[in-house]
Visitor: 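Have a look at this one before I ask anything.
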Amino acid sequence: MSEFDANRDYFPVRSTVKHAKNFSLRYEKSYQVLTVNQPYPNGKPETYVLLRCGAPRPDIAGATVVETPIRSLYSGSTTHLPLLADLGRLDLLSGVSTASFVVNADARARIEAGRVTEYGANNMIDTEKVIVGKPDVVMTGGTDEAEYAALRGTGIPVVANAEWLESTPLGRAEWLKVMAALTGDEQKAGEVFERIERDYQAVAAKAAGVRPRAEVLPGSLRQGTWNMPAGGSYASTLLRDAGATYPWAGSPDTGTLQLSFEEVYAKAGTIGIWLVDSPWQTLADARAADPRHEQLAAVGTGRVWTPSKVVGPQGGNDYWERGVTRPDLVLSDLVAIVHPQLMPGYETTFYRQVAR
């Protein structure tokens with residue numbers, strides 16, 4: 001923008017936040033104020049001034065200034081990629097933390113063509129690569145890393161994306177509007193999110209009246225501990241909206257419960273549907289992982305499902321990439337699994353049944 005017009009409103013279309021609790025957007029004529037309430041677990045709020053090029057900088061203490069619309073982005077999480085894709089802005093992607101995790105075909109093509117730099121392999125941010133790349137923004141994956149402070153010291157804006165701390169599926173998906181604030185695509189973001197919201201609510205309405213709720217067993221063992229979604233968590237909300245329940249659905253926590261196999265078996269051993277976190281190909285893999293799995297009724301029924309239907313060429317899982325921002329599709333999968341009569345002929349997007 002060559003000349004700034006103080007009388008012009010540079011935001012004729014403005015996003016409104018309906019479901020997300022971890023960020024807010026405030027609009028002025030020539031800039032937006034983005035506040036991320038918790039940029040990482042227990043982190044203090046961070047404020048960013050998203051300034052239209054050429055506009056004078058407002059005096060907001062402690063705020064990071066980002067000139068928008070941005071022209072390049074270094075992404076700290078694959079969950080950012082569908083946000084760019086839905087806005088038609090994958091051309092802005094110039095860096096990814098770990099290339100092997102990427103599933104999106106267009107993003108992979110950019111990586112293979114040398115247009116995207118890998119800057120965080122082996123969970124270590126290479127600050128020199130980032131500084132050389134000079135991105136307009138480095139977007140975090142909702143964690144706190146010492147290297148981010150070093151990058152801020154060089155003048156590279158670091159913007160927190162902590163969608164994973166939202167406890168509702170639509171709240172996570174609404175972080176599309178944060179990306180749109182950076183790229184200047186508020187209108188497109190509103191259209192995309194409204195479709196996701198409408199489709200999610202329509203599927204949830206199908207399952208709302210089904211009684212009894214289907215009993216499911218979520219989670220799986222990791223190094224001897226069963227990670228069970230707590231009742232106030234994102235995963236629990238999805239299951240509730242799918243017309244499902246499980247023995248820990250009433251727990252008030254928002255995170256994950258750490259349980260023993262014996263605790264799980266005592267309350268859920270007879271449940272006939274198991275939604276695992278492991279990418280097993282067959283039930284033999286489940287038995288090999290831990291012989292006690294044989295005791296679970298779901299292994300006997302064969303109704304064991306894993307969200308690993310689409311895996312990239314280097315092992316990245318589309319459920320952890322696109323699934324986070326498309327809860328309408330995840331919910332449709334879950335309803336088709338637990339209440340197949342409601343979704344006749346439906347083909348799942350992310351989940352597949354583990355073969356016997």
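Computed from a predicted structure; not experimentally measured.
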Visitor: Clusters formed by hydrophobic residues whose side-chain heavy atoms approach within less than 4.5 Å: which one holds V130, and what are its other members?
Guide: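 Hydrophobic cluster check, V130: joined to Y74, Y119, I125, I131, V138, Y148, L151, I156, V158.
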Visitor: Could you tell me which residues satisfy salt bridge (charged side-chain N to carboxylate O under 4.0 Å, His left out) with K188, sequence neighbours excluded, listed by chain and number?
Guide: none
Visitor: To check you understand the geometry: which heavy-atom pair defines the closest contact between A181 and T68, and what is its length?
Guide: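 It is O-CG2, 4.0 Å.
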Visitor: Could you pull out all residues at least two apart from Y234 that satisfy ring pair (Phe, Tyr, Trp, His ring centres under 6.0 Å)?
Guide: none
Visitor: The test is side-chain hydrogen bond (donor to acceptor under 3.5 Å, both in side chains); show your working for R222 and S278 and say whether it passes.
Guide: CA-CA 9 Å; R222 287 284 188 280; S278 301; 3.1 Å; yes
Visitor: Checking the side chain of T237 only, and the main-chain atoms of S233 only, is there a donor and an acceptor separated by less than 3.5 Å?
Guide: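 Yes.
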Visitor: Can a donor-acceptor pair be found, under 3.5 Å and without considering hydrogens, that links the side chain of E28 to the backbone of V33?
Guide: no
Visitor: Quick one: does E174's side chain have a donor or acceptor within less than 3.5 Å of a partner on F193's backbone?
Guide: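 A pair under 3.5 Å: no.
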Visitor: For the side chain of D199 and the backbone of D328, is there at least one donor-acceptor N/O pair under 3.5 Å apart?
Guide: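 Not a single qualifying donor-acceptor pair exists.
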Visitor: For the pair R52 and E67, find out whether any cationic side-chain nitrogen is under 4.0 Å from an anionic carboxylate oxygen.
Guide: no
Visitor: Would you say the side-chain atoms of R213 pair up with the backbone N or O of A242, donor to acceptor, closer than 3.5 Å?
Guide: no
Visitor: Indicate yes or no for a side-chain donor-acceptor contact from R8 to the backbone of S30 under 3.5 Å, with no hydrogens or angles considered.
Guide: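 Side chain of R8 to backbone of S30, a donor-acceptor pair under 3.5 Å: no, none is there.
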Visitor: Which heavy atom of E166 sits nearest a heavy atom of N22, and at what distance?
Guide: OE2-N, 2.7 Å
Visitor: Under 4.5 Å between side-chain heavy atoms, counting indirect links through other Ile/Leu/Val/Met/Phe/Trp/Tyr residues: same cluster for Y346 and V338 or not?
Guide: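 Shared cluster, yes.
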Visitor: Sort out for me which residue in Y351, W280, W305, Y265 forms a ring pair (Phe, Tyr, Trp, His ring centres under 6.0 Å) with W274.
Guide: W280
Visitor: So, T79 side chain and E321 main chain: donor-acceptor pair closer than 3.5 Å or not?
Guide: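 Judged by distance alone, no pair lies under 3.5 Å.
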Visitor: Determine, using ring centers only, whether F4 and Y10 are less than 6.0 Å apart.
Guide: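 Yes, the ring of Y10 comes within the 6.0 Å limit of the ring of F4, centre to centre.
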Visitor: For the pair D318 (side chain) and V311 (backbone), establish whether a donor and an acceptor sit closer than 3.5 Å, ignoring hydrogens and angles.
Guide: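 Flag not set: sc D318 to bb V311 has no pair under 3.5 Å.
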Visitor: With sequence neighbours left out, write down each residue that passes side chain to side chain donor-acceptor pair (under 3.5 Å) with T140, or none if nothing qualifies.
Guide: none
Visitor: Using the test ring pair (Phe, Tyr, Trp, His ring centres under 6.0 Å), find all partners of Y246 that sit at least two apart in sequence or belong to another chain.
Guide: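 Checked Y246 against ring pair (Phe, Tyr, Trp, His ring centres under 6.0 Å); zero matches.
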Visitor: Run the salt-bridge test on K309 and E347 with the 4.0 Å N-O cut-off and return the result as yes or no.
Guide: yes
Visitor: Decide whether R352 and S308 meet the rule of one side-chain donor and one side-chain acceptor closer than 3.5 Å.
Guide: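 The criterion, which ignores hydrogens and geometry beyond distance, is satisfied for S308 and R352.
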Visitor: Per the side chain to side chain donor-acceptor pair (under 3.5 Å) rule, what does the pair list look like for residues 101-116, sequence neighbours excluded?
Guide: R108-Q314
Visitor: Considering only NZ, NE, NH1 and NH2 on the basic side and carboxylate oxygens on the acidic side, decide whether R14 and D9 come within less than 4.0 Å.
Guide: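 Counted as a salt bridge, because a side-chain N and a carboxylate O are separated by less than 4.0 Å.
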Visitor: With a 3.5 Å distance limit and no angle check, can you tell me whether K129 reaches the backbone of E118 through a side-chain donor-acceptor pair?
Guide: yes
Visitor: Looking at W248 and M228, would you say the former's side chain and the latter's main chain have a donor-acceptor pair under 3.5 Å?
Guide: no
Visitor: Is a salt bridge present between E262 and R292, judged by a nitrogen-to-oxygen distance below 4.0 Å?
Guide: yes
